[in-house]
Number of protein chains: 2
Amino acid sequence: MNDTSPAGSALLQVDAPHRELLDQVLDKWSLQVLDVLCGKDLRFNELRRAIPAIGQKSLTASLRRLERNGMIERVVLQTRPVAVEYRIAPVGNTLNELVDALLRWTTENMPEVEQARERFDAVEG
Amino acid sequence: MNDTSPAGSALLQVDAPHRELLDQVLDKWSLQVLDVLCGKDLRFNELRRAIPAIGQKSLTASLRRLERNGMIERVVLQTRPVAVEYRIAPVGNTLNELVDALLRWTTENMPEVEQARERFDAVEG
DNA sequence: CGGTATCCCATGAGATACTG
DNA sequence: CAGTATCTCATGGGATACCG
């Protein structure tokens, strides 16, 4: 690759399948759903309580998307009335490890980020 | 932590500062802007050509956000007419390494993801 | 060249009501 | 309990025109 070739990975382009997958599993709510399910299996309403800010509609959409991509499994327990349990799939666990790495990155770099923000806001203030 | 404690990292909650930082530097376009700038420094219109799908407005917004958080630097070259160059900051480079890890994850798990999608789509068809 | 300003629309997501 | 259906609204982002 010489210095006139286009930089950047094609996998990150908005229409690329890899990028589409990232968008579907790392969206606003799925990040958190995945995270709480890594701790333990939970039922629908337990998830709602674990993530108080989420709405029914968003939780349902997030669960369906994560299930469709194989990150979690939906288990219908044959009780009366029926109960539904969600559990993390192995591949979902590997994704969560990367999310944890992102979280560690934010923690390590937060001081530097806040200094940058102060400098920026001071100029354009 | 026993098995009745709430699962999940508080840092991922929607109003947490760490989460807000992730949202600001990993949004739809910033991911790609960061990526192409990791290869080489680029001017505004060079960035537009490197990311054809991006609009002026989105590019400007993305660059400002990345600059404010210290991920990139905006350098005004004193030429005639004035030129502006954007370059990745060290902290931006460390972030890009994590994004690369995410991309590798998608590549490794794409076959399994596609199988999961087929199973899901076959049932709810 | 490197933006800013304005209008417009599609999507995400909250609130609320209802159902097997 | 575990959703579905509907309405509404805020935000992101595309298109276009203009500016120093």
Side-chain angles (χ1 to χ4, degrees), chain A residues 12-15 19-20 22-34 36-37 41-69 72-87 120 123-125, chain B residues 12-15 19-20 22-34 36-37 41-69 72-87 120 123-125:
Chain A
L12 274 173
Q13 287 170 15
V14 283
D15 54 346
R19 173 56 184 273
E20 188 194 323
L22 283 183
D23 289 342
Q24 289 198 17
V25 298
L26 296 181
D27 64 287
K28 177 176 179 180
W29 293 114
S30 297
L31 222 54
Q32 248 190 291
V33 171
L34 213 56
V36 299
L37 284 179
D41 303 348
L42 290 175
R43 312 246 305 262
F44 187 82
N45 284 306
E46 290 176 327
L47 276 164
R48 291 194 69 185
R49 285 188 287 275
I51 312 172
I54 203 171
Q56 278 185 345
K57 186 174 148 186
S58 298
L59 179 55
T60 301
S62 176
L63 288 170
R64 291 290 169 278
R65 223 170 13 239
L66 288 173
E67 186 195 357
R68 188 173 113 87
N69 288 290
I72 63 174
E73 291 163 19
R74 182 180 186 268
V75 184
V76 179
L77 306 172
Q78 296 304 331
T79 57
R80 273 263 160 201
V82 290
V84 179
E85 201 169 76
Y86 292 92
R87 68 175 55 141
F120 185 92
V123 174
E124 58 82 55
Chain B
L12 274 174
Q13 287 170 12
V14 283
D15 54 344
R19 173 58 185 272
E20 187 196 320
L22 283 183
D23 290 342
Q24 290 199 16
V25 298
L26 295 181
D27 64 286
K28 178 175 179 181
W29 293 115
S30 296
L31 221 57
Q32 246 189 294
V33 171
L34 213 55
V36 299
L37 284 178
D41 304 346
L42 290 176
R43 311 248 305 261
F44 187 83
N45 284 307
E46 288 176 328
L47 276 165
R48 293 195 69 184
R49 284 188 287 273
I51 311 172
I54 203 172
Q56 276 186 346
K57 188 176 151 184
S58 298
L59 178 54
T60 301
S62 177
L63 288 169
R64 290 292 168 278
R65 222 169 15 240
L66 288 172
E67 186 195 358
R68 188 174 113 87
N69 288 291
I72 63 173
E73 292 163 18
R74 180 179 187 270
V75 183
V76 179
L77 305 172
Q78 296 305 332
T79 56
R80 274 265 161 203
V82 173
V84 178
E85 200 168 76
Y86 292 92
R87 67 175 58 142
F120 185 93
V123 174
E124 57 83 57

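In the text below, chain A, chain B and the rest are named by the order of the sequence lines, each starting its count at 1.
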Scan the side chains in residues 46-60 of chain A for donor-acceptor partners under 3.5 Å anywhere in the protein, sequence neighbours excluded, and list what turns up.
from	atom 1	to	atom 2	distance (Å)
Glu46(A)	OE1	Arg43(A)	N	2.7
Thr60(A)	OG1	Gln56(A)	O	3.0

Check side chain to side chain donor-acceptor pair (under 3.5 Å) between [X] and all other residues, then give those that pass, not counting sequence neighbours.
| X | answer |
| --- | --- |
| Ser62(B) | Ser30(B) |
| Asp23(A) | Arg19(A) |
| Glu73(B) | none |

task = List in chain and number order the residues that pass side chain to side chain contact (heavy atoms under 4.5 Å, CB included) with Asp41(B), two or more places apart in sequence or in another chain; answer none if no residue qualifies.
result = Glu85(B), Arg87(B)
key: Those residues that, when tested against Gln78(B), pass side chain to side chain contact (heavy atoms under 4.5 Å, CB included) (two or more places apart)   = Val76(B)
query = To the nearest 10 degrees, how far apart in direction are the end axes of the helix from dC1(C)-dG20(D) to dG20(C)-dC1(D), each fit to five base pairs?
reply = 50°
request  = Look at all strands and tell whether Arg80(B) reaches a base, only sugar-phosphate, or nothing, counting heavy atoms closer than 4.0 Å.
outcome  = nothing
inquiry  = Just to be sure I understand the rule, does Arg48(A) reach a base, reach only the sugar-phosphate, or reach nothing, if contact means heavy atoms closer than 4.0 Å?
reply    = nothing
task = Hey, which sits more toward the 5' end of DNA chain C by its nearest nucleotide, Gly55(A) or Tyr86(B)?
result = Tyr86(B)
task = For residues Ile72(A) and Tyr86(A), report the shortest heavy-atom separation together with the two atoms involved.
result = CD1-CD2, 4.0 Å
Identify the pairs formed between an N or O of the protein and an N or O of nucleotides 5-10 of chain C at a distance under 3.5 Å, and give each distance.
none

note = Contacted region of DNA chain D by chain A, from 5' end to 3' end of the hits, cut-off under 4.0 Å to heavy atoms, spans dC1(D) to dC7(D)
